[in-house]
Amino acid sequence: MDLIRVLIAILLPPLGVFLQVGFGGAFWLNILLTLLGYIPGIVHAVWIIAKRG
């Protein structure tokens, strides 16, 4: 299941974080990072999934 979440995080970082933590602070931070730059959003999403997986 984590592999699917990582793939989703690469395509749509906020969705990957949402599937892992829901509507928490990490989700909103990821939306902000994704808006500022796609790569920071991906890095944060993969980090959240790996940390909480």
Side-chain angles (χ1 to χ4, degrees):
M1 189 66 174
D2 282 342
L3 179 62
I4 294 171
R5 285 188 185 137
V6 170
L7 291 174
I8 291 171
I10 292 170
L11 297 173
L12 294 168
L15 180 59
V17 173
F18 173 75
L19 291 175
Q20 188 71 26
V21 298
F23 283 115
F27 172 73
W28 297 109
L29 176 61
N30 190 268
I31 286 183
L32 178 65
L33 288 171
T34 302
L35 290 174
L36 292 174
Y38 189 68
I39 299 299
I42 292 173
V43 171
H44 179 256
V46 171
W47 181 69
I48 290 292
I49 291 169
K51 183 176 100 174
R52 299 187 186 201

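Index from 1, following the sequence. Because only heavy atoms are used, hydrogens play no part in the values below, and waters and symmetry mates are left out as well, while side chains stay in.
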Can you name the nearest heavy-atom pair linking N30 to P13, along with the distance? OD1-C, 3.2 Å
On the 0 to 90° scale, with breaks at 30° and 60°, tag the F23-W28 ring pair as parallel, tilted or perpendicular. parallel
What about L29 and W47, same hydrophobic cluster or not, with Ile/Leu/Val/Met/Phe/Trp/Tyr joined at side-chain heavy-atom distances under 4.5 Å? no
Heavy-atom closest contact (T34 atom, G41 atom, distance): OG1-CA, 3.5 Å
Kindly give the heavy-atom pair with the smallest separation between P14 and I31, and that separation in Å. CB-CG1, 3.8 Å
A26 to I48 - nearest heavy-atom pair and separation: CB-CD1, 4.0 Å
So, taking the atom named CG in L19 and the one named CZ in F27, what distance separates them when rounded to the nearest 0.5 Å? 10.0 Å
According to side chain to side chain contact (heavy atoms under 4.5 Å, CB included), who are the partners of I10, at least two apart in sequence or on a separate chain? V6, I42
Please round to the nearest 0.5 Å and tell me the distance separating atom CD1 of I49 and atom CZ of R5. 7.0 Å
Given the rule that I, L, V, M, F, W and Y join up when any side-chain heavy atoms are under 4.5 Å apart, are L36 and Y38 in one cluster? no
Applying a strict under-4.5 Å side-chain criterion to I, L, V, M, F, W and Y, I'd like to know whether V46 and L33 cluster together. no
Could you measure the distance from the NE2 atom of H44 to the CG atom of L32? Nearest 0.5 Å is fine. 10.0 Å
